[in-house]
Each structure stands twice: as structure tokens, then as C-alpha cells.
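One structure is given here, and the rest of the page talks about it.
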Amino acid sequence: MSAAFFMEQVGKLLTLACLFLLPWQTRYIFWAPWVGTTESEFGVISLYVTMLLAGCAAGSWWIGSVLKEGEKRRQTTDGRRQKTDGRYPISLICSLLSVVCFLITLPSPTHAWILNIFFSLLLGYATYKTAHQNGRAILYAMCAGLIPVVGLGMWQMSVGWSPASSWLGLASRSAEHLGDSVLVIEGKRILRMYGSFPHPNIFGTVIALIFGVMASLSFQPPFAEGFGVGEIFKNPEQESRRFLTAFGMTQTSQLVIIPMLIVAVLFCISRSAALAMACAFITYLGFSYKNIFQRRTLFSIALFLPVLIWTLQFISPSLIALRGQSFTEQQSISERVAQVGEWWQVMEQNGVWGTGIYQYPQVLADIQGVSLPAWVYQPVHNVFLLVIAELGLFWCGVVGVGLLIVIKTKDSRQQTADKRYITSVVCRLPSAVLSPQSLPLLITIYSLSWFDHALWTSWSGMSYTATAIALVFAGGQSRISTLSQGVLDEKK
């Protein structure tokens with residue numbers, strides 16, 4: 001057994017363990033910001049156990065890649081002097097300098113975002129590398145990790161409370177606690193399903209993301225003929241490759257996992273998660289039509305439905321009160337409407353340069369006064385508005401221009417490839433992340449962003465998003481490589 005193979009196997013096992021344990025919130029809190037007279041729950045600098053697992057998994061994969069690259073170079077040089085590759089030491093030095101800069105600066109809520117995004121990227125990298133070896137194992141690990149969490153959540157709903165546990169990262173919950181999310185039916189308070197997550201909406205967000213992944217990796221692309229893909233297959237053996245689901249997922253596994261996710265989100269009672277899953281399904285359904293007008297109609301519905309529902313909360317809140325017309329439901333909707341008004345106040349003072357990442361609650365407290373309860377200073381429940389407020393219009397413009405340059409550069413490079421066989425396979429889009437097969441997941445993320453901030457403000461939201469994108473990217477590449485192999489066979 002080579003050292004490279006051993007490190008890759010260690011990385012795979014650590015990745016699977018991290019994804020299985022990802023729902024649990026066990027962490028060590030280093031620092032928490034104060035908003036008003038109490039500690040804020042946003043911008044807390046924490047180190048989660050799953051962060052450590054993600055870092056070790058990514059490190060193992062990185063070391064394995066370095067060792068494998070060295071083995072390849074030794075095999076190809078045939079005893080000649082090897083040219084030094086400076087990419088790995090340079091990247092290591094830059095990483096160490098970044099860590100030093102992070103440690104020597106004063107703590108701020110932005111440090112929490114840096115930790116979250118850094119370890120989310122590491123987890124995404126480890127997931128991507130593992131998916132190339134065993135994508136099904138990743139999906140099964142994620143779904144298996146949700147089973148005890150769903151069981152805990154159903155127990156919370158049935159008994160109306162759950163104890164705290166620092167080892168499991170659980171806070172005490174009760175239907176009688178002021179501030180805990182409840183459902184009121186005929187005057188009776190029913191605790192919503194938290195599971196191991198900080199809030200039921202975060203639980204719903206995770207379920208919706210996994211559903212989006214399943215929809216993206218499960219669909220079979222009959223639309224490919226309209227993009228010039230179908231014509232490159234000339235015999236039944238090659239034609240069958242086009243209908244292989246990513247990672248070799250079986251229909252049995254899909255029939256077990258997808259109903260479990262639907263049942264979980266129903267018990268979770270999350271409007272945003274249910275809507276995101278519906279939009280993902282509509283997008284998935286659109287691929288079953290060969291008629292381009294029918295496809296575009298369904299895609300348009302999935303794209304504009306979240307905007308319509310979000311707008312309705314300002315016009316007629318009762319229409320979107322899916323959890324009944326109780327006082328708590330009406331209050332939940334009215335608070336979200338009020339948060340948009342507060343967002344305008346923040347933008348009036350910090351619109352150009354922004355409040356700073358994760359510093360929106362502090363700025364909001366300065367505007368409204370510091371005597372109110374901490375939960376009043378929540379970020380606006382809309383990722384798009386929150387990112388604009390925290391980054392500012394100037395930096396949002398800089399990021400937008402940078403993304404356009406990257407996309408244009410990748411697109412121009414792709415035009416130099418074989419246009420018939422390579423570009424047509426990815427449907428002339430910049431990368432596999434933006435390929436048609438990733439649309440259900442992208443629509444899921446897009447829909448969730450309209451109604452909550454968990455994808456931006458929580459470790460769970462960011463880590464699951466990075467994992468989902470990495471999985472779909474790896475699945476897209478595996479599908480493309482399968483199609484490309486069919487092309488090569490045909491050319492031979």
C-alpha cells in the first residue's frame with residue numbers, strides 16, 4: 001500500500017465521519033459579541049468538532065495528492081532531474097500567513113465568518129475528492145446522519161421539551177420557553193422540530209439542500225438531444241450511458257431517501273424549506289419535457305415563485321400563513337416584514353461601504369438603541385439583502401465584476417476546445433457547477449435565500465451548501481466524463 005493511497009483512504013473515512021456528524025453542534029466558544037446588554041447568537045467565534053474533522057479530511061486529501069503527484073513525477077522522469085513544483089509550498093506558506101494574520105487581529109464577528117467559510121471550503125474540497133471514489137457513500141452518510149436527528153426532533157414535538165447537553169451541542173428546548181419556536185393549535189403550544197440544530201428553519205434548510213442534491217444527481221437528461229448531445233451516440237451501449245444517474249445511484253435508494261426528506265420537512269414545518277423543495281421538484285419536472293416552451297415555463301415558475309411568495313408577505317400575510325392564523329404565526333410574518341424596513345434604515349447609513357460581515361446586528365442596535373432584547377437585532381431574513389447590507393454596494397460591485405471576468409475567461413477558454421464533443425456536453429456553460437443538471441440544487445439555494453439567512457450566518461447552512469455544491473460538481477464531472485468516453489468510443 002502506497003503512502004498516497006493510505007492518506008486518501010484516511011481522507012475518505014474522515015470526510016464520511018464529518019458528514020455523518022455534521023448535524024451535531026458540539027463546539028468550543030472562544031468569543032461572543034455583545035448586542036445591547038446581552039450576548040448575540042450571531043458572529044460567535046466557535047470551533048466545531050466537525051470543523052476539525054473537515055480540516056483533517058481536507059489535509060489528508062491534500063497530502064495524498066502531493067504524494068501521488070510526486071509518484072507520477074518519479075515515474076515519468078526516468079531518473080532525470082525533477083523540476084521543482086512550487087505550488088504546494090507556496091500554498092502552504094500563504095495558508096500559514098493567513099492563520100497568523102487571523103490570530104493576531106482583535107476578535108470581531110467577521111472572524112466567525114472567516115472560520116465558517118474557511119472550513120466550509122475545506123469540507124467542500126474533501127467532499128469533492130471523496131465523491132470521485134464513492135459518491136453514494138457520501139449521500140448515504142449525510143442521510144444516515146439525519147436519521148437520529150429526525151428521531152430526536154419527533155420526540156421533541158411529542159413530549160414538548162428536550163434537555164440540554166454540552167457534549168452533543170444541544171440547548172434546552174421547551175414549548176413553554178419564551179423564544180423557542182412553537183406551533184399553536186387550538187390554544188395548545190407544540191414545540192417545533194429542532195433536532196440537533198439551533199432552529200427548526202436551519203433544520204429545514206439542511207433537508208431542502210439534501211433534497212436539491214438528490215434531484216440534481218438523480219435526473220436523466222432526455223433534453224440532451226436538443227443540445228446536440230444525443231446525436232453523438234450511435235449504438236444502444238453508448239446510448240445507455242446517457243441515462244446513468246450520477247454515482248450509480250439506484251432507484252431503491254432514491255425511493256427510500258426522498259420520502260424520508262419529505263416527511264422530515266413536513267414535521268419540521270418550515271415554509272422556506274417546503275417551498276425550496278417544491279421549486280427543486282418543478283425544475284426536475286421541467287427536464288422531463290422535450291418541448292422547449294414547456295421546459296422554459298416550468299423553469300420560470302420555479303424562478304419567480306419564491307419572489308412572488310416573498311412579495312405576498314407585504315401585501316397579504318394571511319395568504320402565506322401556512323402554519324395557521326395564530327398570533328405566533330402572524331407575529332413571525334410581521335417581524336420579517338419589519339426587518340425589511342430596518343434594512344432600509346441600515347442601508348441609509350451604511351449602503352456604500354457596508355456594515356462589515358456579520359456586523360449587521362451591531363449596526364442595527366446602534367440605530368434602534370441597546371435596551372431591546374437580543375432577538376430583536378436579528379439579521380434580515382433574506383440572504384440577498386443581508387449580503388448587500390454587510391458588503392455594501394461598492395464591494396458587491398467589485399465582486400460582481402470579478403465573477404463576470406472569471407466566467408468570461410473560462411467561457412473563452414472553453415470555446416477553444418472541441419465545440420462539438422466537449423462544449424456540447426456541458427451545454428456551453430462555464431463549468432459543471434452551472435450545467436443543466438445542477439439547476440435543481442441552484443434553484444433550491446436561490447429559493448432558500450429569499451426567506452432565511454442561515455446559508456450566510458450559520459455553520460450548518462454554509463457547510464451543507466459547500467457540501468451540496470461539491471457533490472453536484474463532482475457528479476456533473478462524472479457524467480461529463482462518461483459522455484466524453486462515449487464520444488471517444490464513437491470516434492474510434
Among Leu441, Thr467, Leu439, find the one that has a side-chain contact (heavy atoms from CB on, under 4.5 Å) with Val472.
Leu441
Donor-acceptor under 3.5 Å ([X] side chain, [Y] main chain):
X	Y	result
Gln156	Tyr194	yes
Thr444	Leu209	no
Tyr358	Trp456	yes
Tyr446	Leu303	yes
Thr26	Trp167	yes

Check the pair Tyr140, Ile257 against side chain to side chain contact (heavy atoms under 4.5 Å, CB included), reporting the backbone distance first and the verdict last.
CA-CA 9 Å; Tyr140 294 155; Ile257 294 174; 4.0 Å; yes
Value rounded to 0.5 Å, distance of [atom1] in [X] from [atom2] in [Y]:
X	Y	atom1	atom2	answer
Leu121	Tyr128	CG	OH	14.5 Å
Leu52	Phe119	CG	CZ	6.5 Å
Thr130	Gln9	OG1	CD	9.5 Å
Cys268	Ile202	SG	CD1	10.0 Å
Phe30	Leu115	CZ	CG	8.0 Å
Trp450	Ile309	CH2	CD1	12.5 Å

For the residue pair [X] and [Y], what are the closest heavy atoms and their distance?
X	Y	result
Ala280	Ile443	N-CG2, 4.2 Å
Leu16	Ala141	O-CB, 3.9 Å
Ile269	Arg192	O-NH2, 2.8 Å
Met260	Ile147	SD-CG1, 4.0 Å
Thr15	Ala57	OG1-CB, 3.4 Å
Ser272	Phe451	CB-CB, 3.5 Å

Evaluate side chain to side chain contact (heavy atoms under 4.5 Å, CB included) for Met7 paired with Val66, printing each intermediate quantity in order.
CA-CA 10 Å; Met7 293 306 300; Val66 173; over 6 Å; no
The test is side chain to side chain contact (heavy atoms under 4.5 Å, CB included); show your working for Phe5 and Lys68 and say whether it passes.
CA-CA 8 Å; Phe5 178 78; Lys68 180 177 288 187; over 6 Å; no
Min side-chain heavy-atom separation [X]-[Y] under 4.5 Å:
X	Y	answer
Trp310	Ser447	no
Val44	Trp31	no
Ser60	Leu14	yes
Phe6	Ile63	no
Met193	Met154	yes
Tyr125	Lys129	yes
Pro200	Ser270	no
Met142	Val213	no

Check the pair Leu22, Val206 against side chain to side chain contact (heavy atoms under 4.5 Å, CB included), reporting the backbone distance first and the verdict last.
CA-CA 10 Å; Leu22 198 55; Val206 170; over 6 Å; no
Above 12 or not: heavy atoms from other molecules or residues under 6.0 Å from [atom1] of [X]?
X	atom1	value
Phe281	CZ	no
Phe394	CZ	yes
Phe304	CZ	no

Applying ring-ring contact (aromatic ring centres under 6.0 Å, His included) to Phe42 and His453, what does each step give before you reach the verdict?
CA-CA 11 Å; Phe42 303 103; His453 51 71; 5.3 Å; yes
Is there a donor-acceptor contact under 3.5 Å linking the side chains of Ser196 and Gln25?
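Result is no, nothing qualifies.
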